[in-house]
Amino acid sequence: MFLKLINLTKLFDEENGIKNVNIDVNEGEFVTILGPSGCGKTTTLNLIGGFLKADSGKILLEGINILELPPEKRPVSTVFQSYALFPHMNVIENVSYGIRFYRKENKKKALEIAQEYIDIVGLTGYEQYKIGHLSGGQQQRVALARSMATNPKILLLDEPLSNLDASLRIKMRKELKELQKKLNITMIFVTHDQSEALSLSDKIVVMDKGKVVQIGSPMEVYFSPSNNYVASFIGKSNIVNINGENFLVRPEDIRMNINPQGKYTITDKIFMGQFTEYIVSKKDKYIEVNLSGKENTKFQIGDKVDLEMLYKTKIEPPKEYSIKNL
Ligand SMILES: Nc1ncnc2c1ncn2[C@@H]1O[C@H](COP(=O)(O)OP(=O)(O)OP(=O)(O)O)[C@@H](O)[C@H]1O
């Protein structure tokens, strides 16, 4: 295994921190740590980067425990949410700084390497620009180039897209994935944004209250969540009771047909653009159905319908859920 976190523990007090975190990362893999605010994502990343000292556990990189190494001695680079660029330096100075510092290259060679990475991230022509004269997306690219140019074995990214507006976020998401594949860099990415995690990752680590609750591919965590917490945190979920057993059914995995004798009634309809959200009720129980496409906007509040569950997976319901029991 390329990187192995073994029983990694760091507690700030009785409740806060991370406890017995075990994560395996393959070389070239894009791993996302996903979870709500305060679940321990940044703590995990900072332990890998060496910015925090662990209470116990191991971090094995290619079999060697790096836990005692200071940050600058670890073959790891971090892209922070704030980018942490040097505002008084221009683009090429920012990118070449790390090459001189970490790779101990002379100025000429460092500038050559920096130019390569500036080209890779699509900033050719901006070499002499001061950081303050760049847009958020361009600053993000400089931060990426600066980190990648130090040639780390692992790139750590702490919510690097969160300061960008929605459309730029999606563009940078695609660019990041392309760069990762092109350069075959192992990346560990932290986010609380499920769509970012689903679209970027080879593997998602879902955390809750300082613990890992599931590790799997995006499809595994989405379609086969290990517990109710994961089901409710990623995507929308209906918990339905069929013959005494509880199942998770995603709102988009339901087909709906009009049937005047149908057992269910549409009680609410919200047009969301990409899909239409229907609330379909039977007595006091209800289920959410999301249907995409213009054709599927035809259903009206009051219509009697039949429902067909296209995909369901067995699950224990979270305590706070009322079982819809259709
Ligand atoms: N230096 C610290 N001292 C005390 N408590 C801390 C410290 N750093 C983090 N914590 C607490 O530990 C818990 C985990 O924090 P962490 O920053 O890892 O969460 P996170 O999942 O990255 O959250 P966010 O998405 O908000 O950044 C939180 O409850 C946080 O308040």
Side-chain angles (χ1 to χ4, degrees), residues 1-10 17-35 39-81 102 143-144 147-148 150-161 173 176-194 196-208 210-222 224-226 230 234:
M1 186 53 58
F2 187 63
L3 176 75
K4 229 173 158 43
L5 308 188
I6 305 172
N7 290 328
L8 199 60
T9 299
K10 169 77 189 174
I18 64 162
K19 206 166 183 186
N20 290 329
V21 164
N22 290 288
I23 302 174
D24 286 353
V25 179
N26 291 308
E27 192 166 7
E29 207 168 28
F30 196 116
V31 175
T32 297
I33 304 178
L34 174 69
C39 73
K41 306 179 295 289
T42 301
T43 303
T44 308
L45 212 67
N46 283 340
L47 286 166
I48 303 171
F51 305 111
L52 277 177
K53 195 168 160 31
D55 297 339
S56 57
K58 285 183 186 165
I59 302 177
L60 301 184
L61 181 56
E62 296 180 308
I64 295 164
N65 194 0
I66 60 165
L67 206 62
E68 296 305 322
L69 294 181
E72 66 278 9
K73 290 267 158 53
R74 299 188 185 196
V76 169
S77 182
T78 307
V79 178
F80 296 98
Q81 192 174 0
Y102 291 105
L144 268 175
S147 273
M148 289 190 305
T150 62
N151 213 8
K153 289 195 169 166
I154 301 171
L155 194 61
L156 306 175
L157 302 115
D158 192 356
E159 307 241 10
L161 308 179
R173 201 191 281 178
L176 187 63
K177 184 75 185 163
E178 278 164 22
L179 272 178
Q180 192 258 340
K181 286 283 160 247
K182 191 158 106 189
L183 304 176
N184 195 34
I185 310 175
T186 308
M187 288 192 186
I188 304 181
F189 183 92
V190 156
T191 186
H192 61 268
D193 180 325
Q194 48 166 299
E196 230 164 70
L198 292 170
S199 62
L200 280 168
S201 319
D202 298 311
K203 192 191 267 174
I204 298 178
V205 177
V206 188
M207 288 188 75
D208 180 33
K211 293 196 176 143
V212 172
V213 286
Q214 185 167 8
I215 299 181
S217 68
M219 286 216 201
E220 277 164 357
V221 295
Y222 190 78
S224 309
S226 63
V230 181
I234 302 179

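- Separation of atoms CG (Leu8) and NZ (Lys19) is listed at 13.5 Å; rounding is to 0.5 Å.
- Residues satisfying the side-chain hydrogen bond (donor to acceptor under 3.5 Å, both in side chains) test with Lys153, not counting sequence neighbours, are Glu62.
- Rounding to the nearest 0.5 Å gives a distance of 10.5 Å between OG1 of Thr32 and CE of Met187.
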Task: Worked check of side chain to side chain contact (heavy atoms under 4.5 Å, CB included) between Arg74 and Ile59 - done: CA-CA 11 Å; Arg74 299 188 185 196; Ile59 302 177; 4.1 Å; yes

TODO: Start with the C-alpha gap between Thr43 and Val21, add the side-chain angles, then the distance that decides, and say whether side chain to side chain contact (heavy atoms under 4.5 Å, CB included) holds.
DONE: CA-CA 11 Å; Thr43 303; Val21 164; over 6 Å; no

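- Considering every non-hydrogen atom in both Leu67 and Ala54, the closest pair reads CD1-CB, 4.0 Å.
- Summarising the geometry of Ser199 relative to Arg173, their closest heavy-atom pair is OG-CD, 3.1 Å, with the distance given to 0.1 Å.
- Taking 4.5 Å as the limit, every side-chain heavy atom of Ile48 sits out of range of all side-chain heavy atoms of Leu61.
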Open item on the list: Before you tell me yes or no, could you show the steps for Val212 and Thr44 under side chain to side chain contact (heavy atoms under 4.5 Å, CB included), namely the whole-Å CA-CA distance, both residues' side-chain angles and the distance that decides it to 0.1 Å?
Closed with: CA-CA 11 Å; Val212 172; Thr44 308; over 6 Å; no

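- Annotation: the span from Leu5 atom CG to Lys58 atom NZ amounts to 13.0 Å, rounded to 0.5 Å.
- Judged as a side-chain hydrogen bond (donor to acceptor under 3.5 Å, both in side chains), the pairs with a partner in residues 176-192 (not counting sequence neighbours) are, in order, Glu159-His192, Thr191-Glu196.
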Open item on the list: For a side chain to side chain contact (heavy atoms under 4.5 Å, CB included) check, start with the C-alpha distance between Ile154 and Phe2, then their side-chain angles and the critical distance, and finish with the verdict.
Closed with: CA-CA 10 Å; Ile154 301 171; Phe2 187 63; 3.8 Å; yes

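- Between Pro71 and Gly50, the closest heavy-atom pair is CG-O, 3.3 Å.
- At distances below 3.5 Å, not a single donor-acceptor pair connects side-chain atoms of Lys41 with backbone N or O atoms of Met207.
- Put simply, the side chain of Leu47 reaches to within 4.5 Å of the side chain of Ile18, judged on heavy atoms.
- One distance of note links CD1 of Ile23 with CD1 of Ile33; it measures 4.5 Å at 0.5 Å rounding.
- Among residues two or more places apart in sequence or in another chain, the side-chain hydrogen bond (donor to acceptor under 3.5 Å, both in side chains) test is passed with Asn7 by Asn22.
- To the nearest 0.5 Å, the span separating CD on Glu220 from NZ on Lys203 amounts to 10.5 Å.
- Here the closest non-hydrogen pair linking Val230 and Ser226 is CG2-OG, 3.9 Å.
- Side chains of Leu144 and Leu176 form a contact here, defined as non-hydrogen atoms less than 4.5 Å apart.
- When atom types are taken as modelled, the side chain of Ser201 and the backbone of Pro218 share no donor-acceptor pair closer than 3.5 angstrom.
- To the nearest 0.5 angstrom, Glu29 atom CD is 9.0 Å from Asp24 atom CG.
- Residues Leu155 and Ser77 form a side-chain contact, since some pair of their non-hydrogen atoms from C-beta on lies under 4.5 Å apart.
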